[in-house]
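To keep things clear, I will list the structure first and then write my remarks on it.
Throughout, residue positions are numbered sequentially from 1 according to the sequence presented. This structure is a prediction, so every number in the text was calculated from the model and none was measured. Values below: all heavy atoms of this structure, side chains included; hydrogens, waters and symmetry mates excluded.
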Amino acid sequence: MRTGIFIEDQGIKAVKVSGKKPTLMRLPFEAGILVDGVVKDEAKFKAATAKLVRQLKLEKDEIILSISEKHIFSKTITIKDHEEDFEDKVRAELESYETAETVYTDWQILEKGEDHEKVFVASAPTHILDGYVHVFQDMEVSIAAVESIAQAIARHIPKVLVSPTPVEPGKSAQKTKE
């Protein structure tokens with residue numbers, strides 16, 4: 001069982017897939033808990049996250065974490081002459097795009113050619129991700145990955161869900177309130 005968690009300044013969206021029934025959840029934040037992705041009120045962020053962990057029974061589980069795309073840099077680059085030092089060539093190519101902040105960076109080869117490779121690269125600031133990781137670790141929830149797939153799944157949570165109550169897809173908002 002895996003759970004996709006998408007964190008943005010307005011709240012947390014979660015999708016837990018268990019068997020054939022995914023559970024969807026949206027937990028809004030009070031203003032000021034997160035500002036530009038950074039945890040500003042750790043106590044309230046922890047309380048909201050703990051509520052999510054309890055309701056979805058995530059203790060000792062693994063989650064796939066995603067953050068708002070406005071905090072992620074991603075680009076497809078082409079690496080030529082990939083015979084030697086591929087990793088060094090990816091890093092050298094990224095240098096022109098890097099900012100002053102410290103980031104976590106990862107990449108995936110999308111296409112291999114005879115004399116080149118197309119590589120998708122993504123990075124996120126450490127000061128944003130570290131805040132989230134710390135809170136989940138305190139609750140004994142492991143982050144298995146930081147991926148865009150969690151965000152893509154979370155986009156399908158219906159906007160009518162404003163209550164922090166887990167809901168099965170297909171149930172109406174009225175039934176949810178009951």
Tightest non-hydrogen contact, residues Phe29 and Asp9, listed as CD1-O, 3.6 Å
Checking the side chain of Tyr104 only, and the main-chain atoms of Asp130 only, is there a donor and an acceptor separated by less than 3.5 Å? no
Salt-bridged, Asp138 to Lys46, with N to O below 4.0 Å? yes
Do the non-hydrogen side-chain atoms of Arg26 and Ile12 ever get within less than 4.5 Å of each other? no
CG/Leu58 to OG/Ser142 distance, rounded to the nearest 0.5 angstrom? 11.0 Å
Show the nearest heavy-atom pair for residues Ala144 and Glu62, with the distance to one decimal. CB-OE1, 3.8 Å
Evaluate the criterion side chain to side chain contact (heavy atoms under 4.5 Å, CB included) for residue pair Thr76 and Val121; output intermediate values, then yes/no. CA-CA 6 Å; Thr76 301; Val121 295; over 6 Å; no
Drop me the distance from Lys13's NZ to Ser66's OG, to the nearest 0.5 angstrom. 10.5 Å
Does Val35 belong to the same Ile/Leu/Val/Met/Phe/Trp/Tyr cluster as Phe45, with side-chain heavy atoms less than 4.5 Å apart forming each link? no
Got Met139 and Thr49 here, is their nearest side-chain heavy-atom distance under 4.5 Å? yes
For Leu27 versus Ala48, what's the shortest heavy-atom pair and its separation? CD2-O, 3.0 Å
Which value, rounded to the nearest 0.5 Å, describes the distance between Glu117 atom CD and Lys112 atom NZ? 5.5 Å
With side chain to side chain contact (heavy atoms under 4.5 Å, CB included) as the test, would you mind laying out the steps for Gln137 and Val141 before giving the verdict? CA-CA 6 Å; Gln137 283 177 338; Val141 176; over 6 Å; no
Going from CZ on Phe6 to OG on Ser68, what distance comes out if it is rounded to the nearest 0.5 angstrom? 5.0 Å
Side chain to side chain, Val146 and Val133, heavy atoms closer than 4.5 Å: no
Show your working on side chain to side chain contact (heavy atoms under 4.5 Å, CB included) between Asp36 and His71 and close with a plain yes or no. CA-CA 8 Å; Asp36 290 330; His71 304 298; 4.2 Å; yes
Between the CD atom in Gln10 and the CD atom in Glu30, the distance rounded to the nearest 0.5 Å is 14.0 Å
Is there a side chain to side chain contact (heavy atoms under 4.5 Å, CB included) between Gln55 and Met25? Walk through the geometry before answering. CA-CA 9 Å; Gln55 288 188 345; Met25 186 172 172; 2.7 Å; yes
Rounded distance (nearest 0.5 Å) linking atom NE2 of His116 with atom CD1 of Ile79: 11.0 Å
Closest heavy-atom pair, Ala14 versus Ile5, reported as atoms and distance to 0.1 Å, is CB-CD1, 3.7 Å
Per side-chain contact (heavy atoms from CB on, under 4.5 Å), Thr3 is matched among Val15, Ile64, Ile63, Leu52 by Ile63
Between the main-chain N or O of Leu56 and the side-chain N or O of Lys16, is there a donor-acceptor pair closer than 3.5 Å? yes
Nearest heavy-atom contact between Leu34 and Glu8 is CD1-O, 3.4 Å
